[in-house]
Amino acid sequence: MITPQQIRGARAMLGLTQADLAKAAGISATALNNIERGSADPKASTLLAIQKALEAAGVIFVAENGEGPGVRLRKGPAT
């Protein structure tokens with residue numbers, strides 16, 4: 001599952017506000033804020049909705065690489 005740090009990083013890379021991402025993921029901005037701050041324990045389905053929205057916008061989540069899980073921008077057009 002993605003982490004709050006990955007969500008914040010991906011959102012920043014894309015220049016999205018919390019409201020933008022929340023709308024794309026079908027959740028409230030308050031819920032997203034709580035998830036990003038780590039003060040909520042979201043359902044797996046909520047994290048998946050956020051992940052799918054971010055991936056559709058152009059990011060790729062990467063597995064742990066010795067420094068922890070990460071995120072990067074996709075190269076080229078979305079597939």
Worksheet item: When clusters are formed by joining ILVMFWY residues with side-chain heavy atoms under 4.5 Å apart, either directly or through shared neighbours, do L21 and L48 land in the same one?
Response: no
Practice prompt. Any chance you could measure L47, atom CG, to K52, atom NZ, to the nearest 0.5 Å?
Written response: 12.5 Å
Worksheet item: Taking it one step at a time, do V62 and R72 satisfy side-chain contact (heavy atoms from CB on, under 4.5 Å)?
Response: CA-CA 8 Å; V62 294; R72 67 176 174 84; 4.2 Å; yes
Discussion item. Once side-chain contact (heavy atoms from CB on, under 4.5 Å) is applied, do any residues pair with T46, and if so which ones, sequence neighbours excluded?
Written reply: I27, I35, P42, K43, I50
Item to complete: Please confirm whether the backbone N or O of G70 pairs with a side-chain atom of Q6, one donor and one acceptor, at under 3.5 Å?
Response: yes
Item to complete: Quick one: list whatever passes side-chain hydrogen bond (donor to acceptor under 3.5 Å, both in side chains) with S39, sequence neighbours left out.
Response: R37
Worksheet item: CZ of F61 to OG1 of T3: how many Å apart, nearest 0.5 Å?
Response: 8.0 Å
Item to complete: Verify the cluster assignment for M1 and L32: are they in a single hydrophobic cluster under the rule of side-chain heavy atoms below 4.5 Å apart?
Response: yes
Worksheet item: So, for A25 and A49, which heavy atoms are closest and what is the spacing to 0.1 Å?
Response: O-CB, 3.5 Å
Worksheet item: If you look at every heavy atom in G9 and V71, which pair is closest and at what distance?
Response: C-CG1, 4.2 Å
Worksheet entry | Pairwise side-chain hydrogen bond (donor to acceptor under 3.5 Å, both in side chains) hits with a residue in residues 11-22, at least two apart | R11-E36, T17-D20, Q18-N33, Q18-E36
Fill in: L54 side, atom CG; R74 side, atom CZ - distance, nearest 0.5 Å
11.0 Å
Response to the item:
The side-chain contact (heavy atoms from CB on, under 4.5 Å) partners of A57 (sequence neighbours excluded) come to L14
Practice prompt. Might you work through the side-chain contact (heavy atoms from CB on, under 4.5 Å) test for N34 and T30, ending with a clear yes or no?
Written response: CA-CA 6 Å; N34 289 337; T30 300; 3.9 Å; yes
